[in-house]
There are 2 protein chains.
Amino acid sequence: MGRWEPDAQGRLLRAALELFSERGYEATTTAQIAERAGLTKTTLFRLFADKREIVFQGQGVLVALVKQGVEEAPADASATSLTANGLRVLSSAHGEEQRRIGRLLDPILATNGELNERAIYKRFAITEALETALIDRRVDSWQAGILADLGVRAYYAGYALWVVSHDSPPLIDYVQAQFQKLQGASARLSEDTARRH
Amino acid sequence: MGRWEPDAQGRLLRAALELFSERGYEATTTAQIAERAGLTKTTLFRLFADKREIVFQGQGVLVALVKQGVEEAPADASATSLTANGLRVLSSAHGEEQRRIGRLLDPILATNGELNERAIYKRFAITEALETALIDRRVDSWQAGILADLGVRAYYAGYALWVVSHDSPPLIDYVQAQFQKLQGASARLSEDTARRH
DNA sequence: GTCTATACAATGATAGAC
DNA sequence: GTCTATCATTGTATAGAC
């Protein structure tokens with residue numbers, strides 16, 4: 001049992017992804033994950049709050065990043081620019097390593113309600129962080145909510161395209177393209193409504 | 001043990017809300033809930049998928065209602081009208097009974113991450129149902145996503161106001177007011193962006 | 001300060017009896 | 001349809017080893 005070896009969390013994450021891919025999420029016990037990582041169940045639960053967090057704890061930084069992106073934007077930035085900057089910093093956390101993890105994780109997510117529920121919870125946490133950060137930058141609270149929904153929708157749509165792509169463009173390119181499209185669709189929606197009066 | 005008495009689910013829901021209010025969600029065991037309802041733990045888990053579903057299973061109909069509301073809207077309805085009709089039928093499910101349950105449940109939700117996670121999952125399910133129903137009515141898929149976010153945001157904001165109010169107006173009045181405000185904020189957002197070119 | 005061993009409570013599944 | 005009984009697994013708590 002190679003104890004004291006470094007990166008216990010990383011080893012547990014890799015062991016979990018392997019086992020979940022091999023035999024599914026439910027058919028894998030926490031004891032098996034710990035064993036493959038050369039640790040015990042006790043240690044696993046000291047490092048992760050629950051079984052789901054083994055694969056999702058990495059997303060904890062995303063909340064801080066989107067907040068930071070909004071805070072760091074120029075003083076004269078529009079509400080939309082503040083959002084775009086949040087998305088830019090948020091996306092910057094995703095490199096090849098995250099793409100590889102995503103490719104393993106997404107099929108598992110799709111077939112498991114328990115994991116999917118946690119994924120949605122993380123999405124909501126990012127949305128709330130973005131909304132709060134925008135309000136802190138004096139964006140109108142109605143607009144902050146709308147932009148948070150729009151921005152996070154762009155982020156997840158962009159992510160879905162990026163994770164399966166074999167191209168070189170970084171995630172932010174995909175996210176920005178989605179954000180533009182959604183803004184255009186939103187503008188057309190408002191025009192349509194106005195035209196009906 | 002008054003077995004064979006009717007409305008086992010309702011008895012379990014009431015028992016759960018009482019016990020959660022008295023001693024908190026985590027301090028209440030499923031055996032205690034079953035006991036207060038005059039049943040056993042086994043029966044509880046046959047009627048509900050897990051402990052959280054005791055208080056959330058009632059929301060399962062909401063997904064069907066919002067879908068139905070969009071489907072039943074007039075053939076010439078705009079995308080916005082389709083959404084409004086979905087919200088109208090969705091809101092129609094909430095009477096005094098639901099308000100009473102909400103008043104008990106909301107404080108418990110606020111203090112428990114596990115329950116909160118399930119609540120967010122239900123919100124997402126309603127959003128997806130609305131988005132899909134709009135797409136089925138030939139709404140552009142970008143606009144469908146935006147309207148689903150906007151509509152569900154209006155629904156939850158309206159619900160939060162309604163549940164604590166002591167006035168007579170039904171939920172739909174609150175939801176419609178929120179939907180109007182959000183549409184206005186969205187239009188101003190698009191104007192601001194256009195003006196910057 | 002991190003890991004292990006052990007014991008424990010609670011969730012949720014399953015099988016057979018009424 | 002419900003009950004009793006038993007079971008595997010998750011997740012916690014404690015005390016001690018390196």
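Below, chains carry the letters A, B, ... as their sequence lines are ordered, and counting in each starts from 1. Keep in mind it's a predicted model, so treat the numbers as computed, not measured.
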Whole angstrom value for the distance that separates [atom2] of [N] from [atom1] of [X]:
{"X": "A:Tyr25", "N": "C:dG12", "atom1": "OH", "atom2": "P", "value": "12 Å"}
{"X": "A:Leu47", "N": "D:dT12", "atom1": "CG", "atom2": "P", "value": "13 Å"}
{"X": "B:Ile54", "N": "C:dG12", "atom1": "CD1", "atom2": "P", "value": "9 Å"}
{"X": "B:Asp7", "N": "D:dG1", "atom1": "CG", "atom2": "C1'", "value": "15 Å"}
{"X": "B:Gln32", "N": "C:dA10", "atom1": "CD", "atom2": "P", "value": "8 Å"}
{"X": "A:Arg46", "N": "C:dC3", "atom1": "CZ", "atom2": "C1'", "value": "7 Å"}
{"X": "A:Leu44", "N": "C:dT4", "atom1": "CG", "atom2": "C1'", "value": "14 Å"}
{"X": "A:Arg52", "N": "D:dG11", "atom1": "CZ", "atom2": "C1'", "value": "11 Å"}

Does a side-chain N-to-carboxylate-O contact under 4.0 Å join [X] and [Y]?
{"X": "A:Glu117", "Y": "A:Lys122", "answer": "no"}
{"X": "A:Arg36", "Y": "A:Glu22", "answer": "yes"}
{"X": "A:Glu131", "Y": "B:Arg153", "answer": "yes"}
{"X": "A:Arg118", "Y": "A:Glu53", "answer": "yes"}
{"X": "B:Arg188", "Y": "B:Glu191", "answer": "no"}

Partner set under salt bridge (charged side-chain N to carboxylate O under 4.0 Å, His left out) for A:Glu71, not counting sequence neighbours = A:Lys67

Rounded to 10 degrees, the angle between the two terminal axes of the helix from C:dG1-D:dC18 to C:dC18-D:dG1, each from five pairs | 20°

Quick test: give all pairs of protein nitrogen or oxygen and nucleotides 5-9 of chain D nitrogen or oxygen below 3.5 Å, distance rounded to 0.1 Å.
residue	atom	partner	partner atom	Å
D:dA5	N6	B:Thr42	OG1	3.2

Nearest listed nucleotide, side chain of B:Leu39, among D:dT10, D:dC3, C:dT4 | D:dC3

Closest to the B:Phe45 side chain, choosing from C:dG12, D:dT4, C:dT4 | C:dG12

List in chain and number order the residues that pass ring pair (Phe, Tyr, Trp, His ring centres under 6.0 Å) with A:Phe179, two or more places apart in sequence or in another chain; answer none if no residue qualifies.
-> none

Summary of ring-ring contact (aromatic ring centres under 6.0 Å, His included) pairs that have at least one residue in residues 11-33 of chain A, sequence neighbours excluded | A:Phe20-A:Tyr25

Could you tabulate the donor-acceptor pairs under 3.5 Å formed by side-chain atoms of residues 139-148 of chain A, not counting sequence neighbours?
residue	atom	partner	partner atom	Å
A:Asp140	OD2	A:Trp142	N	3.1
A:Asp140	OD2	A:Gln143	N	2.9
A:Gln143	NE2	B:Ala185	O	3.2

